[in-house]
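Here is the structure we will look at, set down as structure tokens.
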Amino acid sequence: QVQLVESGGGLVQAGGSLRLSCAASGLTFSSYIMGWFRRAPGKEREFVAAISRSGGITKYADSLKGRFTISRDNAKNTVYLQMNSLKPEDTAVYYCAANDLGLNRVQSREYNYWGQGTQVTVSS
């Protein structure tokens with residue numbers, strides 16, 4: 001059974017940082033593209049970032065480039081999202097996801113497995 005478990009969310013002031021983690025089990029982690037998505041209150045779930053199987057190539061939503069960094073540790077079956085200079089509009093539930101199709105997949109429906117999400121709240 002595949003499980004993706006996010007952690008690291010919480011309440012942070014604007015300008016602060018958080019590091020999210022997602023621990024995977026039940027799948028050959030290094031065979032999957034890993035991604036992060038988020039859903040803000042009243043909005044659709046949106047793509048945040050994705051990382052290649054080896055970790056050597058990354059992809060970001062244009063609006064988040066320079067503030068967020070995705071990384072992975074295949075030895076630990078874990079993907080990370082470092083979020084800096086957080087803004088109130090970054091408030092959302094953040095989800096990690098896995099796909100076996102490719103790095104350029106930014107639609108939710110293209111991802112095979114999902115975590116339960118972790119809440120990030122940025123206060124002004």
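Heavy atoms only: backbone and side chains are in, while hydrogens, waters and symmetry mates are out. Heads up: numbering here begins at 1 and tracks the sequence.
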Heavy-atom check, side chain of Phe68 versus side chain of Leu86, under 4.5 Å: yes
Short side-chain to backbone donor-acceptor contact, Arg72 and Phe29, under 3.5 Å: yes
Rounding to 0.5 Å, atoms OG (Ser63) and CZ (Phe47) come to a distance of 10.5 Å
Give a yes or no answer on whether the side chain of Thr91 reaches the backbone of Val122 with a donor-acceptor pair at less than 3.5 Å. yes
Taking the side chain as C-beta and beyond, is there a heavy-atom pair between Leu64 and Asp90 under 4.5 Å? yes
So, does Asn112 use its side chain to make a donor-acceptor pair with the main chain of Asp100 at under 3.5 Å? yes
Same cluster for Phe37 and Val120 if Ile/Leu/Val/Met/Phe/Trp/Tyr side chains link at under 4.5 Å? no
Transitively linked via ILVMFWY side-chain contacts under 4.5 Å: Val2 with Tyr111? no
Separation of Leu81 CG from Thr69 OG1 (nearest 0.5 Å): 8.0 Å
Do Trp114 and Trp36 share a hydrophobic cluster, counting only Ile, Leu, Val, Met, Phe, Trp and Tyr and linking them when any side-chain heavy atoms are less than 4.5 Å apart? no
Do any N or O atoms from the side chain of Asn77 and from the backbone of Gly26 form a donor-acceptor pair under 3.5 angstrom? no
Contact check, side chains of Ile70 and Val79, non-hydrogen atoms, under 4.5 Å: yes
Shared hydrophobic cluster, Met83 / Val12 (ILVMFWY, side-chain heavy atoms < 4.5 Å): yes
Donor-acceptor under 3.5 Å (Glu6 side chain, Gly117 main chain): yes
Mind listing the closest non-hydrogen atom pair of Ile51 and Ser71 along with its distance? CD1-CA, 3.5 Å
Under 6.0 Å from the CG atom of Leu11, do we count more than 12 heavy atoms belonging to anything else shown? yes
Starting at CD of Gln116, measure out to CD of Gln3 and round the result to the nearest 0.5 Å. 9.0 Å
Rounded to the nearest 0.5 Å, how far does NZ of Lys87 lie from OG of Ser124? 14.0 Å
Are any non-hydrogen side-chain atoms of Tyr95 and Leu4 less than 4.5 angstrom apart? no
Atom pair CG (Asn74) and OG (Ser30), whose distance is rounded to the nearest 0.5 Å: 5.5 Å
Do Tyr94 and Met34 sit in the same hydrophobic cluster, where Ile, Leu, Val, Met, Phe, Trp and Tyr count as joined when their side-chain heavy atoms come under 4.5 Å apart? yes
4.5 Å side-chain heavy-atom contact, Leu20 and Arg38: no
Whether the side chain of Arg19 engages the backbone of Gln82 through a donor-acceptor N/O pair (distance < 3.5 Å, no angle test) should be reported. no
